[in-house]
Amino acid sequence: MASDSLKRLLEKRDDPYSWARTWKERTGGKVLGFFCCLAPEEMIHAAGALPVRITGENRAISKSGAHLQSYCCSLARTGLDMALEGELSFMDGTVFVHTCDTMMRLSDIWRLNAGFAVHGDIVLPVRFEGPSAHEYAFSELSHFKRKMEEFLGPIDDDALNDSIKLYNKNRRLLAEFYALRLENPGLVSCDEALWIVTSSALMEKSEHNAILEEILADLKSSGAGSESDGRVRLFGIGSVMDQWDFLKMVEDVGGTIVDDDFCNGRRYFDTGAPEGIDPVESITERLWERQSCPCKHRTDRDRAACLSGRVAESKARGVIFWLFKFCEPHAFDYPHIKKALDAQGVPSLNLEIEQGSVSIEQLRTRVEALIETVRGS
Amino acid sequence: MSAEDKGLLTSKIKATEQMKQLITSYYIEAKTTRLPEGTHKPVCWITSGGPVEFLIAMDVIPVYPENHGAMCGASHIAPELAEVAENMGFSRDVCSYARLDIGAAVTKGGAIPGGLPEPDFLLCCNNICGTVIKWYEELARIFDVPLFLMDTPFIHQEKPEHATEYVRRQCMELVSFLEEKTGKAFSLDRFAEVAMLSVEAVDLWKGVLKTAEHRPSPFTCFDAFIHMAPIVTLRGTQQVVDYYKLLKGEMEDRIEKGISAVPEEKFRLIWDNIPIWYEMRNLGNLFAQNNACLVADTYTTAWAVDIKIDDPLTSMADAYTKVYLNISIDLMLDQLVALMDKFSADGLVMHSNRSCKPYSLGQYDLSRAITERTGKPALIIEADMTDSRVYSEAQTRERVEAFIESL
């Protein structure tokens, strides 16, 4: 049972950029798109602009086929297609964070073809450990800030500190929401839960905070749903999960994703930025403390160990890997993580998908089989 | 009728025998290092773009899984090794070098009897791709050995000072890592000596490649793909310097005697991307039959790093960050145009390589830009460097012939 705020939020799910377009019309401000959740949104926000996440969409490719081979992931192919078709014309520019080889090349192709006024590259370190990498990350973020200032105007420390606080509040509220749902997954279905997080990167943060506060208040007072509704608790692993029909189907067949490692899910809000220190250092520090991303290397954190630990904590009894076809970083980690889950006796399902060609009916049988395995174990 | 039947292929390069000996004795040393009669040097697996000079200077034997990947590809055993990794859960869409190497590592198989000598530690440099990081993370787990990652920030439009500084500091960290692993002290003098030998070998290698500017060219890029093995694996040693002196002499001799790689060289082409290892011979024949010589490529020129004697660490950090695959496609375009001009090329052949995204994504834009800038056409061949299961010989033949006809 959804609160009114949640209902209003869900109305926009088929038109995710409507908030950004409206915001631009209303304020005349600049909108900057970004793909990766490691982007320092606070810097863009502090300059009075709106950072908006591009996550591709379900569509048949038309124009991007002339720029990207078919063995490139659908996130890049559909995202570029949207830009080349003029569907992102409300954006003034784009920011690319160095993650995988595909995003690295997409940045070049995008800069040369998409025709936006500004293009930013943040070449974060790949090594997320050691003082040299930390200092390099700080310098690179400072460098990016200076470049953005040329286009957006000055970003002063006070404004940046305020944005960090605002973003931290959003992270706390989202964490609170996830904690409530972990206790009581019947409160909100998993497709709605992931949309609540995803929408955060699509609108002004203060607006999202207000909506979240209302949703949380409603959920706490309603007390609807309970764990005893018999749904099988599942954990999701992957990059972007925006297939609402798939998630609804998971609920239909008796499962629900109670926690995840999606970058538009838990990974989007998982760590706060420290307050009361130099703001660029604060943003750097947050990157360092976050859960590991498969594109970042650190020897002190094994992703399989972290994830299998989190699966146990969430009391999930099965795992769904939702991996974009041709996504190397995730594909390389899969066998290692699967092994750790097997050792823990947690069954898992590996779904390799492409946006635009997801067949819910084919996937239904496989999800049902996973749920049966869990129930039989 | 094959090219040999038509007498189209020039006799083999004589220096090949010396190269085989060089590579064989290198593998024998690596394979026997742990035996009582061995040299007891540690073995480090390293990526093809990695700073091998540090290993040579510290008496560590470098072993290159990518070189081994090429060997497995050329000897047509890549698919069976890749299947081992696929059965372990690795997607068929990940890099085929990585898949076959993982398959070879767990089965002790591959092109070297008994498999590659096992590593004591790993050195991964991401100046060629991000794939190597994931691949080496897996190797570190398989062999349970430490991994050093040399992180070289990608250059989109500019290379900021802090990027060079970051890589320079990592060179120092690598030194400490190697000191700890080998129990030996690093000597800057020894390192400078190795660096200079490396520079000398690279200059000689550039000299070899330059002989192909001559019309007709004394060799094709298919020869270069084979003769690049020493510059990739053992630069920084005297044997490699000696070897390239020999090879360069032979190429100059060919020019003097009027020997050309393709007897009736009419068209001069440039190759882009990693070779299609299992198809080298057929492709070499196909181009030769059509009087086309692939005179240069973007791949073998990648090992042309500049190191300065007065500040070897900083210049190395700079050189290793600026390699061809670590720069944006517009910077690549400038280099491609220069390469086409220098070698008086009539066209460009691009291998769109499923296994290599940093090399391949952007080729569609590059192919159009090349034609705009030089007026020369570009052909794109869809394939994979070692996984022959995704390759169509008939289709490629048809496309290559149509392309050459259009010249």
Side-chain angles (χ1 to χ4, degrees), chain A residues 65-72 76 96 98-109 111-113 119 121 123-127 129-133 135-140 142-143 294-297 299 302-304 323 325-336 338-339 350 352, chain B residues 85 88-91 93-95 98 102 124 126 129-131 133-138 140-141 146-147 149-157 160-163 165-170 172-173 328-332 352-365 368-369 380 382 390:
Chain A
H67 301 273
L68 289 169
Q69 282 94 330
S70 57
Y71 49 81
C72 168
F96 281 82
H98 186 97
T99 48
C100 61
D101 293 332
T102 297
M103 280 297 148
M104 169 182 108
R105 285 289 173 226
L106 179 64
S107 169
D108 296 343
I109 294 167
R111 172 166 51 83
L112 298 170
N113 295 286
H119 186 94
D121 281 300
V123 189
L124 285 179
V126 171
R127 234 176 130 174
E129 59 191 355
S132 60
E135 282 161 38
Y136 167 72
F138 175 84
S139 302
E140 182 63 11
S142 309
H143 184 68
C295 294
K296 299 298 172 197
H297 173 78
T299 41
D302 178 65
R303 254 189 109 224
L323 307 182
K325 191 163 167 57
F326 307 115
C327 170
E328 277 206 332
H330 278 282
F332 266 108
D333 276 0
Y334 164 71
H336 181 49
K338 165 140 194 328
K339 212 164 139 189
N350 181 15
E352 219 179 40
Chain B
M88 290 163 69
F90 289 96
S91 161
D93 297 323
V94 306
C95 165
I102 290 165
C124 172
N126 62 349
C129 60
T131 303
I133 302 159
K134 304 309 294 176
W135 172 4
Y136 276 59
E137 284 174 350
E138 181 63 23
R141 290 191 283 263
L147 160 63
L149 170 63
M150 174 76 84
D151 181 15
T152 47
F154 187 82
I155 303 169
H156 283 285
Q157 293 177 82
E161 199 41 51
H162 57 264
E165 174 60 13
Y166 172 41
V167 182
R168 195 192 64 81
R169 283 181 68 182
Q170 291 178 83
M172 309 296 290
E173 291 163 16
S328 65
I329 56 175
D330 27 349
L331 296 173
M332 285 171 127
S352 165
N353 180 357
R354 269 178 78 93
S355 270
C356 189
K357 294 194 176 71
Y359 224 143
S360 306
L361 302 186
Q363 278 176 325
Y364 291 180
D365 282 79
R368 288 186 291 267
I380 296 178
E382 299 287 343
V390 300

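Here is the naming used below: chain letters follow the sequence lines, and residue numbers restart at 1 for every chain.
Most heavy-atom pairs under 4.5 Å with chain B, from the set A:Ala331, A:Cys72, A:Pro125: that is A:Pro125. Looking only at heavy-atom pairs under 4.5 Å with chain A, the residue among B:Glu137, B:Glu138, B:Arg141, B:Met172 that has the most is B:Arg141. Between chain B and the residues A:Asp121, A:Leu112, A:Ile109, the largest count of heavy-atom pairs under 4.5 Å involves A:Asp121. Counting heavy-atom pairs closer than 4.5 Å to chain A, the top residue among B:Ala163, B:Ser360, B:Pro358, B:Gly130 is B:Pro358. Chain B forms the most heavy-atom pairs under 4.5 Å with one residue out of A:Cys100, A:Pro294, A:Ala66, and that residue is A:Ala66. Looking only at heavy-atom pairs under 4.5 Å with chain B, the residue among A:Thr99, A:Leu323, A:Asn350, A:Thr102 that has the most is A:Thr102. Comparing B:Met88, B:His162, B:Gln157 by how many heavy-atom pairs each has under 4.5 Å with chain A, the most go to B:His162.
Summarising the geometry of A:His119 relative to A:Ser107, their closest heavy-atom pair is NE2-OG, 2.9 Å, with the distance given to 0.1 Å.
Proximity to chain B (any heavy atom under 4.5 Å) is restricted, for A:Tyr334, to the side chain, taken from C-beta onward. Both the backbone and the side chain of A:Ala133 come within less than 4.5 Å of a heavy atom of chain B. Only the side chain of A:Asn113 comes within contact range of chain B, with at least one heavy atom under 4.5 Å from a heavy atom of that chain. With a threshold of 4.5 angstrom between heavy atoms, B:Ala369 does not approach chain A through any atom at all. Heavy atoms closer than 4.5 Å to chain A are found in both the backbone and the side chain of B:Ile329. The contact between B:Arg354 and chain A is made by backbone and side chain atoms together, counting heavy-atom distances below 4.5 Å. No part of B:Cys356 comes within reach of chain A, as not one of its non-hydrogen atoms sits under 4.5 angstrom from that chain. In this structure, chain B has a heavy atom under 4.5 Å from the side chain of A:His98, while its backbone stays farther away. Interface remark: B:Glu173 contributes side-chain atoms only to the contact with chain A (heavy atom separation under 4.5 Å). Neither the backbone nor the side chain of B:Thr152 comes within contact range of chain A; no heavy atom of the residue lies under 4.5 Å from a heavy atom of that chain. For a residue to count as touching a neighbouring chain, one of its non-hydrogen atoms must lie under 4.5 Å from one of that chain's; by this rule A:His67 touches chain B with backbone and side chain alike. For A:Glu352, the part sitting under 4.5 Å from any heavy atom of chain B is the side chain, from C-beta outward, and nothing else. Neither the backbone nor the side chain of B:Glu161 comes within less than 4.5 Å of any heavy atom of chain A.
At a threshold of 4.5 Å between non-hydrogen side-chain atoms, the residues A:Met104 and B:Lys357 do not count as touching. In this structure, the side chains of A:Lys338 and A:Pro335 stay at 4.5 Å or more apart for every pair of heavy atoms. Taking 4.5 Å as the limit, every side-chain heavy atom of B:Tyr136 sits out of range of all side-chain heavy atoms of B:Leu149. Contact of the A:Leu124 side chain with the A:Lys296 side chain is registered, since non-hydrogen atoms from C-beta on lie closer than 4.5 Å. Side-chain contact between A:Phe96 and A:Asp108 is absent, with no heavy atoms from C-beta onward closer than 4.5 Å. In this structure the side chain of B:Cys95 never reaches within 4.5 angstrom of the side chain of B:Lys134, judged on heavy atoms. With contacts defined as side-chain heavy-atom distances shorter than 4.5 Å, the pair A:Tyr136/B:Pro153 qualifies. Taking the side chain as every heavy atom from C-beta outward, B:Trp135 and A:Glu328 never approach each other to under 4.5 Å.
Side-chain contact annotation: B:Gln170 with A:Ser132, donor-acceptor N/O pair under 3.5 Å absent.
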**Request:** Could you give me the CA-CA distance, side-chain angles and deciding distance for B:Ser352 and A:Tyr71, then say whether side chain to side chain contact (heavy atoms under 4.5 Å, CB included) is met?
**Result:** CA-CA 10 Å; B:Ser352 165; A:Tyr71 49 81; 2.5 Å; yes

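Residue-environment remark: NZ (A:Lys325) exceeds the threshold of 12 foreign heavy atoms within 6.0 Å.
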